[in-house]
Amino acid sequence: MSENPKLQKWAELASKQMKGKSVDSLDWMTPEGIKVKALYTAEDLEGLENINTMPGMAPYTRGPMTTMYAGRPWTIRQYAGFSTAKESNAFYHKALAAGQKGLSVAFDLATHRGYDSDHPRVAGDIGKAGVAIDSVEDMKILFDGIPLNEMSVSMTMNGAVIPILAGYIVAAEEQGVSHDQLSGTIQNDILKEYLTRNTYIYPPGPSMRIISDIMAFCSKNMPKYNTISISGYHMMEAGANSVLQTAFTLADGVEYVRAALKSGMDVDTFAPRLSFFFGIGMNFFMDIAMLRAARFLWHRLMSEFKPKNPKSSMLRTHCQTSGWSLTEQDPYNNVIRTTLEAMSAVLGGTQSLHTNSFDEAIGLPTDFSARIARNTQIIIQEESQVCHVIDPLGGSYYIESLTNSIVEEAQKIIDEIAGLGGMAKAIESGMPKMRVEESAARKQARIDQGLDVIVGVNKYKLADEKIDFEVREVPATVRDEQIARIKEIKASRDQATVKKALDDLTNAAKNGGNLLEAALPAVRARATVGEISDAMEAVFGRFVATTRCISGAYSSEFKANDDTITAIKERTNKFLEKQGRRPRLLVTKMGQDGHDRGFKVIASAYADLGFDVDISPMFQTPEEAAKMAIENDVHVVGASSLAAGHKSLIPALIKELKKIGGEDILVVAGGVIPPADYDFLFEAGVKAVFGPGTPIPVSADKTLSLLEEKYR
Amino acid sequence: MLKSPHEYVDGVLNRDRLMLARTITLIESTLPAHQELARTIVDLLLPHTGKGFRIGITGVPGAGKSTYIESFGNMLTELGHRVAVLAIDPSSSRSGGSILGDKTRMERLAVNANAFIRPSPSSGTLGGVGRKTRETMLVCEAAGYDVVIIETVGVGQSETTVASMVDFFLVLMIAGAGDELQGIKKGVLEVADAIVINKADGDNILRAEIARKEYQTALHMLMPNSPNWSPPVLTCSSLEHTGIGKIWETILDHRKKLSDSGEMSKKRKHQALDWMAFLLEDGLRQWFYSDPQVKAALPGLRAEVENEKTSPTAAADTLLRFLQVNNR
């Protein structure tokens, strides 16, 4: 207890108001394990390293720029891309006319994984979660009428970075723009792909080399270009809390720095071009403090490498509001969520921001929803008057104390990773992945119990959900269009030049040489994204993910003998008694969608509820998933879909099951599936659809009811 | 819906994946009707079994068992073999449920037309792993799989059970996982036909080699199980597919040595007797506990023993007497 008489007096008064309960009873333990008190005072600032600093000066807690938004507000940078290059291009033109400042390109999953649109494994993925790019011809259409010497372009690409970055460079060349005029960012953060999103192509070793090659090429030829965007966003989306996001992101950053140093570069040639990407969730003050803590810590971590340029230890970041926090239920609430998250990012001092569209739990953004999302930022920037003061929460007892707590907690994890030999080694050991998954399972359990409130999902639910707005769909013709263009290109190019360029690239992969530089002639000769990826795969191989799953984390968040949980466990036990085995469920992910958080939380939670749960490998075709369902003889298959592939992949699975005699295996679906598609899926034979935010006990109850009815 | 035994038998012999899978489900079932049907099927299939390789694989969690089997299994199918993998995963003692994730680490083998992988939860029936796995192995052999691999987690007692039903028992280890011999029970090493240090790749090669020598020394101190075979310690990398072929050669060598000396057929006969003894004990236990009088009297007698009103000897005697009286 404090010596401060005023504080003691307050505690007494507060206790009296609470009928004798101590003020400690108001303490809140955050998911990060940080104890938050009801009141912070000047005492809490004593001895903190992060206070009394200046913006634009080390350790940059208060912001990397000296004038921050008072000088120039953050860049409004909306991430978009869908179906064809032509449609995305039209969308960009509209957005730029309406006040957007930079471009941010989303690619489809086939492109991410280095497959051309005509590859048989990706039939369900073309143009779904982003734009399909097969060659530089698509790239030219994408940027048609957009001067690449003026426009800063950010590209979310990690797997197929070489063909895509080379494609962007060649598209610029053909616009008459030289390499040194290009500005923007490529995400190029492969480590987090192994951790969460799984859109990699090659094993970690060669992937790290690709990153070093890109850094080396750009530091020489593209000085205004950010060669990497070290991303915590996807970790947050996978369920990481803010401390885990901070620690793992910065540890990834340190690993890239070490890789570049190892390849012989000087720290000051590349470190100023490193940028970051954080996800901002609904814990308003926590994520303000997170951005401040991340800057402080990055400066501390980089100081070890003794840079001479102050910019080398200055953390600049892009932020995106959380997609995970968006609900399918009562979806207009998402506008408010996104606004709060955007405010949090702004008060934390982000350099650029993407605000999500409110309909993203339902479908792809429409012109309408994209406008609301963009205007959310414009209104904060131009109407709310928050830009006039730099780091307006600097010195706040609570924010500063919280900043310090995140610094301390994240540092512990960073030290642990250092003890494992760095982030690449830590990822190999599975430690970061397990932590993120554990955090995700716990969060789901808190939501399912109503401890974490989500309006419209576990509280104040609408009796009657109606969609009264347009939902954008990707036309099924995208794949045909892409395939037609690939054929056209392959027919008109000079095959000998292409072959030589690809051989040279394979050779560079084998014997050394800058891979980005080696890919440029292939792109100029009209080699496709798939061909360029294959040329390197011939040497590097294709990486296969291992899925680990923890059990017990979900149920351990529940109170002992929680009624809902106990009731479901009794029913799975009864099923065992009657049927001779537990209800057996296969959870599968088909297509190139690598978001595996949902399906792992489901696996872990259902096992805790007494199911036997089979997990399929990632990136299955419907045929492969059906074979596994038959072989493991499951009662039910749960197909998880978050990347708009559900309308082709899930009916294909049902057809395949019928073909090989598994017509009695039930199929249920979960993930981001627009309610408008439910009937389509039911007609195809899907027995139940669980949208985003469905509490696990609810889906388990429904699944069990289906089974109990079938096996009476 | 249950079918007639012959439908299952024909399905298995015709190498129908679906019917093989459903037969295994019957074997694993806790329902007496399913078990009876399964017994009939297994009996009918018995003449079609026994020709293949039976390989048991165990190792501590994290030793890379599944990744090893991915690499090993794919190599075997390339050599023209048909491979069945029976993976036993632990069931949660709290919920009874389980996570069966083996195939996520056997991505290529899982879609290989010449492979059949069946993960099974460890919990369930009386008799557990022993009965279910052995019968499943036989059914797989009847379905034309000439190599059957049984994978277990390297903790608990299932290893020795598995070792008692296979021709070759392989223990997978990794170097640098702390105190080398602590991780695995001595009993497991005693039944090993080979120890393989996995993950001998990258900067781990040297450590793997050191571990190999340590295990070699440790094995020398154990009495070999067989007069014709002293278990070697090998290294491999499932990731880089090195050393995998050598392990298969070792297994072939083992078979040759034991076959030439007649030990293999003795081993199988011995295993058959062990199995019979096991089934007898298991059957007696089941028979005893399902006796209506025993069932009725057991809770009361347990309470009396607990409260020191009856001695354990007297209570057991009373219960056993029911069976004698009932079966005169």
Side-chain angles (χ1 to χ4, degrees), chain A residues 203 205 421 425 428-430 544-552 555-556 565 568-569 572-573 576-587 596 600 603-621 623-624 627-634 660-662 664, chain B residues 1 11 16-26 28-35 38 61-62 64 66-67 70 84-85 87 89-92 94-113 115-121 123-125 199 202-203 239-240:
Chain A
K425 283 265 163 18
E428 259 172 51
S429 82
V544 177
T546 63
T547 307
R548 287 175 218 238
C549 214
I550 29 130
S551 66
S555 62
S556 70
I565 298 297
I568 291 175
K569 277 192 188 169
T572 52
N573 284 334
L576 166 66
E577 265 168 46
K578 280 180 76 174
Q579 299 300 324
R581 59 176 179 149
R582 297 190 161 274
R584 190 160 176 170
L585 162 76
L586 166 66
V587 286
D596 56 358
K600 284 186 186 167
S604 163
Y606 273 60
D608 286 355
L609 294 171
F611 284 73
D612 286 326
V613 187
D614 293 277
I615 309 176
S616 86
M618 305 288 296
F619 312 123
Q620 295 281 285
T621 63
E623 294 78 21
E624 290 163 356
K627 174 181 184 260
M628 183 161 169
I630 294 282
E631 207 164 273
N632 295 18
D633 198 11
V634 300
I660 54 177
D664 55 343
Chain B
M1 265 314 262
D16 179 338
R17 211 173 275 278
L18 178 78
M19 293 310 285
L20 172 59
R22 303 241 149 134
T23 304
I24 296 174
T25 301
L26 290 176
E28 291 177 347
S29 174
T30 56
L31 298 187
H34 291 174
Q35 288 179 12
S66 308
T67 321
E70 161 89 349
V85 179
D89 289 299
S91 297
S92 153
R94 278 174 60 191
S95 72
S98 61
I99 293 177
L100 309 154
D102 309 84
K103 288 195 194 183
T104 65
R105 296 176 293 274
M106 301 182 197
E107 195 191 39
R108 284 196 306 129
L109 197 61
V111 298
N112 189 322
F116 180 93
I117 308 173
R118 176 70 174 235
S120 298
S123 81
T125 58
K199 304 192 185 176
D203 48 11
L239 210 64
E240 295 174 352

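Per chain, numbering begins at 1; letters A, B, ... match sequence-line order.
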A.B. asks: Shortest non-hydrogen contact from B:P119 to A:R584?
C.D. replies: O-NH2, 2.7 Å
A.B. asks: At a heavy-atom separation under 4.5 Å, does A:I660 approach chain B through its side chain, its backbone, both, or neither?
C.D. replies: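 For A:I660, the contact with chain B is made by the backbone alone.
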A.B. asks: With sequence neighbours left out, write down each residue that passes side chain to side chain contact (heavy atoms under 4.5 Å, CB included) with B:S120, or none if nothing qualifies.
C.D. replies: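 B:S120 satisfies side chain to side chain contact (heavy atoms under 4.5 Å, CB included) with B:E28, B:R118 only.
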A.B. asks: Taking side chain as everything from C-beta outward and backbone as N, CA, C, O, which of these in B:L239 sits under 4.5 Å from a heavy atom of chain A? Side chain, backbone, both or neither.
C.D. replies: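 Contact with chain A involves no heavy atom of B:L239 at all.
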A.B. asks: Would you mind telling me which of A:E624, A:R581, A:R582, A:K578 has the largest number of heavy-atom pairs within less than 4.5 Å of chain B?
C.D. replies: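 Ranked by heavy-atom pairs under 4.5 Å with chain B, first place is A:R582.
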A.B. asks: With only heavy atoms counted, which part of B:A115 is less than 4.5 Å from chain A, the side chain, the backbone, both or neither?
C.D. replies: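 Contact with chain A involves the backbone of B:A115 alone.
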A.B. asks: Which one, A:D612, A:I630, A:N573, leads in non-hydrogen pairs under 4.5 Å with chain B?
C.D. replies: A:D612
A.B. asks: By a 4.5 Å heavy-atom criterion (distance strictly below it), what part of A:Q579 contacts chain B: side chain, backbone, both, or neither?
C.D. replies: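 Only the backbone of A:Q579 comes within 4.5 Å of chain B.
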A.B. asks: Pick from A:K627, A:K569, A:E623: which one has the most heavy-atom pairs with chain B under 4.5 Å?
C.D. replies: A:K627
A.B. asks: Under a plain distance cut-off of 3.5 Å, with no hydrogens placed, do B:S95 and A:D608 share a side-chain donor-acceptor pair?
C.D. replies: no
A.B. asks: Are any side-chain N or O atoms of B:T30 and backbone N or O atoms of A:G580, one a donor and one an acceptor, separated by less than 3.5 Å?
C.D. replies: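 Yes: the side chain of B:T30 pairs with the backbone of A:G580.
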A.B. asks: For the interface with chain A, which of B:E70, B:R17, B:K103, B:R108 has the highest count of heavy-atom pairs at distances below 4.5 Å?
C.D. replies: B:K103
A.B. asks: Could you tell me the separation between the CG atom of A:D614 and the CD1 atom of B:I117, rounded to the nearest 0.5 Å?
C.D. replies: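 It is 11.5 Å, given to the nearest 0.5 Å.
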A.B. asks: With sequence neighbours excluded, what pairs up with A:K425 under the salt bridge (charged side-chain N to carboxylate O under 4.0 Å, His left out) test?
C.D. replies: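 Listed in chain order: B:D203.
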A.B. asks: Hey, could you give me the CD1/CG distance between A:I615 and B:D102, rounded to the nearest 0.5 Å?
C.D. replies: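 The CD1 atom of A:I615 sits 9.5 Å away from the CG atom of B:D102.
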